[in-house]
There are 2 protein chains.
Amino acid sequence: MIFSRKTDYGLRALMYLAERRARGPVTLSEIAEKLMIPKAFLSKILQQLAKKGVVRSLKGPSGGFVLAVEPSEVTLQEILTEIDGPTRVFECFATESDCTLYGDCLMREVFSEVEDQIGSVLSRYTLADFRYSEKQADSTASKA
Amino acid sequence: MIFSRKTDYGLRALMYLAERRARGPVTLSEIAEKLMIPKAFLSKILQQLAKKGVVRSLKGPSGGFVLAVEPSEVTLQEILTEIDGPTRVFECFATESDCTLYGDCLMREVFSEVEDQIGSVLSRYTLADFRYSEKQADSTASKA
DNA sequence: CGAAAAGCGGACCTCAATGGTCCTATTCAG
DNA sequence: CTGAATAGGACCATTGAGGTCCGCTTTTCG
Ligand code: FES
Ligand code: FES
C-alpha cells in the first residue's frame, strides 16, 4: 500500500474539519467518534498536521481543532506529503558498476517518471474537492 | 518505497539474463556474485519468476536459469507485478457511511487514477529497454 | 551406478515500520 | 480553582520485508 492508514485517517479528518470550518473548533473526540478513528492515534496525526500549519489547535474548554487553510488552496499532494512524507518510488541497490549505464540508467528515469505522474495526479485535487457530506436525513432517505 | 528491494534484485537479474540469453543457462551463483545479491534470496526470487514462466530453470550440472520470454515482449509492468504483486495504492478504512459519497467517493477515483498512471508508465517499457552492459574495459577508462 | 552439481522448497530468523496505547503536563474558560 | 481540552513523550504489538538454512530432488557425466 502506497498510502498508509495514517494518511487515510488524516485525510478524512481534514475533510471533516473542512466542513465544520465556520462552526469553530471541533474536539478530537467528536472527530474520532464520527469517523471511527482511534482517538489517541488521531491525536498524533492532528498534532503533526498542527505543526505543519494545516490545522490549528486550541487548548482548554471549548477548544479543539480548526482547519487553518483554505480547502481549495491545499492539494492532495501537499496533504499526503505532510502526513506520510514524500512518496518514494524506487531505490536502486546496485553498486555503481552494476547499474546498466552508471549514473544514467534508464531505470532511474522510468521511476522518476512514475513519481512525476503520481504527483501530477495528486496535485490536481484540493481538499475542497472532497466533501464530508453528513448523509443528512437519517439515511432511510427519499421522501419521508 | 513503492517497489521493494526484491523487485530491484529481480529486475536486475532479468536484465542480466536477457544479455546472456544466447549462451545457455546461467547459474544462480554467477548472477548473485556479479550483481551482488544474496544468493539464497535471489534463489527465491528466481524460483518465483520460474513459476510465472518468465525464466526457465534447469537442474543438474550445467543447469541454471534462462530467460523464457522475448525481452521486448515483457513489460516492466508485468515484471513488477509478478515479483511484488499488483501495486496497491490506497485502501480506505472508513465504514460505508463515513465515506463521503458512499461507494462513489471521489477519493477512490483519484487513487485509481494514480494507479492507472503508474501502470501506464510501466507498460511503456520492456525488458529490452534495459541492457546490462558489462562495463567492459576495466573502468579506469579514457585513453591509457 | 554413483557422485557431484545444480535448483527446490519449507522452516526459520531479525529488524524496522506501522499502528496504536497510556500517562502526565499544560493551557485556558468560566 | 477546576474541569475540559490538547501536547507530547514513553511504550507496546503486529506485520512484512529481507534474509538464512538445510535437507530433498533432478540431472549430467565418468
Ligand atoms: S541498475 Fe539500478 S538504477 Fe540502473
Ligand atoms: S472516505 Fe474513504 S474512499 Fe471515501
Side-chain angles (χ1 to χ4, degrees), chain A residues 1-13 17 24-33 35-68 80 83-88 90-94, chain B residues 1-13 17 24-33 35-68 80 83-88 90-94:
Chain A
M1 210 63 53
I2 298 184
F3 297 105
S4 65
R5 190 177 295 224
K6 193 171 154 190
T7 297
D8 177 82
Y9 290 162
L11 208 41
R12 273 161 49 217
L17 286 177
V26 185
T27 70
L28 177 63
S29 299
E30 177 182 335
I31 311 177
E33 269 168 46
L35 266 43
M36 310 242 299
I37 300 172
K39 197 170 147 182
F41 191 30
L42 180 58
S43 168
K44 289 288 176 288
I45 301 171
L46 256 8
Q47 274 174 46
Q48 190 178 330
L49 289 171
K51 263 183 224 153
K52 310 274 183 145
V54 181
V55 300
R56 194 150 30 86
S57 70
L58 293 315
K59 286 189 184 180
S62 83
F65 295 90
V66 213
L67 195 65
L80 300 197
I83 296 180
D84 253 357
T87 304
R88 316 274 305 110
F90 184 80
E91 170 183 1
C92 177
F93 297 97
Chain B
M1 210 64 54
I2 298 183
F3 297 107
S4 66
R5 189 176 294 223
K6 193 170 154 191
T7 297
D8 178 82
Y9 291 162
L11 209 41
R12 274 162 47 217
L17 286 177
V26 184
T27 69
L28 177 63
S29 298
E30 178 182 336
I31 310 176
E33 269 168 47
L35 266 41
M36 309 240 300
I37 300 173
K39 197 169 145 183
F41 192 31
L42 181 58
S43 168
K44 290 288 177 289
I45 301 172
L46 256 9
Q47 274 174 45
Q48 191 178 330
L49 288 171
K51 263 180 223 152
K52 310 272 183 144
V54 181
V55 301
R56 195 151 29 88
S57 71
L58 292 316
K59 286 189 182 179
S62 82
F65 294 90
V66 213
L67 195 66
L80 299 197
I83 296 179
D84 252 358
T87 304
R88 315 274 304 110
F90 184 80
E91 169 182 1
C92 178
F93 297 96

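Note that the coordinates shown come from a computational prediction; the quantities given were computed from them, not determined experimentally.
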* Nearest 0.5 Å please: distance from the CZ atom of B:Arg56 over to the CG atom of B:Leu17. => 11.5 Å
* Can you check side chain to side chain contact (heavy atoms under 4.5 Å, CB included) on B:Leu28 and B:Phe65, steps first, answer last? -> CA-CA 7 Å; B:Leu28 177 63; B:Phe65 294 90; 4.1 Å; yes
* Would you kindly give the CZ-to-P distance between B:Arg5 and C:dA17, to the nearest whole Å? => 12 Å
* Structure fact -> Ordered by number, residues from residues 39-52 of chain B within less than 4.0 Å of DNA chain D (heavy atoms) are B:Ala40, B:Phe41, B:Lys44
* Asked: Below 4.0 angstrom from OP1 or OP2 of C:dG20, is there any side-chain N or O of A:Tyr9?
  -> yes
* Structure fact -> Rounded to the nearest 0.5 angstrom, the OG1-CZ distance for B:Thr87 and B:Phe3 is 4.0 Å
* 4.5 Å side-chain heavy-atom contact, B:Leu46 and B:Ile31 -> yes
* How would you list, by chain and number, every residue that makes a side chain to side chain contact (heavy atoms under 4.5 Å, CB included) with B:Gln48, sequence neighbours excluded? -> B:Lys6
* What is the distance from atom CZ of A:Arg5 to atom CD1 of A:Ile37, rounded to the nearest 0.5 Å? -> 11.0 Å
* To do: Take B:Asp8 and A:Phe90 through the side chain to side chain contact (heavy atoms under 4.5 Å, CB included) test and state the conclusion after the steps.
  => CA-CA 8 Å; B:Asp8 178 82; A:Phe90 184 80; 3.2 Å; yes
* Structure fact -> Separation of C:dG7 atom P from B:Leu17 atom CG, nearest Å, is 11 Å
* To do: Ignoring backbone atoms, test whether B:Arg56 places a side-chain nitrogen or oxygen under 4.0 Å from the OP1 or OP2 oxygen of C:dG7.
  => no
* Rounded distance (nearest 0.5 Å) linking atom CG of B:Leu11 with atom SG of A:Cys92 -> 9.0 Å
* Heavy-atom contact window of chain B on DNA chain D, given 5' to 3' at under 4.0 Å -> D:dG18 to D:dT28
* To do: Enter the distance from B:Asp84:CG to B:Ile2:CD1 here, rounded to the nearest 0.5 Å.
  => 10.5 Å
* Asked: If you measure from CG on B:Leu49 to OG on B:Ser57, what distance do you get to the nearest 0.5 Å?
  -> 11.0 Å
* To do: Return the minimal non-hydrogen interatomic distance between B:Arg12 and A:Phe93, and the atom names on each side.
  => NH1-C, 3.8 Å
* To do: Tell me what B:Phe93 touches on the nucleic acid: a base, only sugar-phosphate, or nothing, going by heavy atoms under 4.0 Å.
  => nothing
All N/O contacts under 3.5 Å from nucleotides 2-5 of chain C to the protein, with atom names and distances to one decimal?
none

* Sequence neighbours left out, what passes side chain to side chain contact (heavy atoms under 4.5 Å, CB included) with A:Lys52? Give chain and number order. => A:Val54, A:Glu82
* Quick one: bend of the helix from C:dC1-D:dG30 to C:dG30-D:dC1 from 5 pairs per end, to 10°? -> 0°
* Asked: Roughly how many Å is it from CG in A:Leu58 to P in C:dA29, rounded to a whole number?
  -> 9 Å
* Rounded to the Å, how far apart are A:Phe3 CZ and C:dA17 C1'? -> 17 Å
* Structure fact -> Tightest non-hydrogen contact, residues B:Gly10 and B:Ile45, listed as CA-CG2, 3.9 Å
